[in-house]
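In each ligand, atom 1 is the first atom listed, and ligand 1 is the first ligand listed. Computed from a predicted model, the values in this text were never measured in an experiment.
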Amino acid sequence: MFSTELITKFNDTPTPFYYYNLELLENTLEAIKEASSAYNYHVHYALKANSNHKILALIESHGFGADCVGGNEVKRAVECNFSADKIVFAGVGKTDDEINIALENDIFCFNCESIPELEVINELAEKKGKVAQIALRINPNVNANTHHYITTGLEENKFGINRWEFEDILKTLEQLDHIKLIGLHFHIGSQITDLSAFKGLCLRVNEIQEWFYEHKIIVDHINVGGGLGIDYENPKENPIPDFKKFFKIFNDFIALRPQQQLHFELGRSVVGQCGTLISKVLYVKNGVNTDFAIVDAGMTELLRPALYQATHSIENLTSNSQELKRYDVVGPICESSDCFAKSLLLPETKRGDLVAIHSAGAYGEVMASQYNLRDLVKAIY
Ligand SMILES: *Cc1c(COP(=O)(O)O)cnc(C)c1O
């Protein structure tokens, strides 16, 4: 995956750091464009997966919109030249300041999650003499079959508006003159690899649309969120997700009215595979069952393993050994959850070896912290 030249460059760079393969990102963006434009679908990139400036600039230059979940993300998207009429803003807890930022920038759409939020957006828009375009984020009660921390589309989750609230929502909307309903929004979770979950979403969207239709409402925009998973086990074999198959499911199963446009918010599937966390082995320590390879990156650089029990493929980039041994690959942070892999087979590993932790482009650098007063992780390209 990495040329010897690149490994030399890695060796000359202080570790740990993120390496982004911009060529792979570009190829991924082109694959998305090709697959989505076949149906004229709109794709908004979910900034929360990775809001690195260089990455955003490349994504923007390919014509993508932006999906933001906070006021600073809206600011960042505007700063990186995403056109305001392609910015959507979701989140269960939008503050007044964040709503004002979005109003001032005349974003395309607020994805709203509750009646009190609709009322606040209406009030703030009125103060500015504006009318805010909104979509209702609906909880479709579809199981995404993913880790429970990243499933969002079930009634027990905090996200979205539930079926039993629809009547009240319509009554509320009738009274609010400074918001305009333009869409319905859904997002069922993340790292979804069982694509039948998206078929389930389409069928539920069709039912919900019927309900609105019976109440004489046809919105112009349907937004089905993101969630397409990536192959964490075999990043080299599958560097680009199967976007053709993904978009085709929507084309096959969602029933759109003639004027309706379909929107997506993809995060992980866009940037996940282009990022690698590069780290150096500090010590190899004998353990009871397996030895520990203690590396200089930890949960402060990549939180996913500690947060979601996620596993990333790990490779020793510099060992020449033919002998395979088992290691627990752990970070230096004072937490037992600071562990990247248990009992992993690696070529014999020693102090100074470089390891690559693959598929770290999404929800990696953005979740970096300075816990233990560590330096904030840097990136190279
Ligand atoms: C996180 C998020 C996304 C992106 O999800 P991915 O799994 O990274 O594609 C899209 N929409 C909303 C509302 C989100 O919160």
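- Both cation-pi conditions hold for Lys54 and Tyr381: the charged atom is under 6.0 angstrom from the six-membered ring centre and inside a 45 degree cone around its axis.
- Aromatic rings from Tyr308 and Tyr363 are positioned such that their centres are separated by 6.0 Å or more.
- Counting only N and O atoms by type, the side chains of His312 and Arg304 include a donor and acceptor under 3.5 Å apart.
- Tyr327 and Phe292 have their aromatic ring centers separated by at least 6.0 angstrom.
- Within 6.0 Å of atom CD in Glu214, more than 12 heavy atoms from other residues, nucleotides or ligands are found, so the atom counts as buried in its surroundings.
- Inspection of the Gln261 and His42 side chains reveals an N or O donor paired with an N or O acceptor under 3.5 Å.
- Ordered by chain and residue number, the residues placing a heavy atom less than 4.0 Å from ligand 1 are Ala46, Lys48, Asp67, Ala90, Arg137, His185, His187, Ser190, Gly226, Gly227, Glu265, Leu266, Gly267, Arg268, Tyr363.
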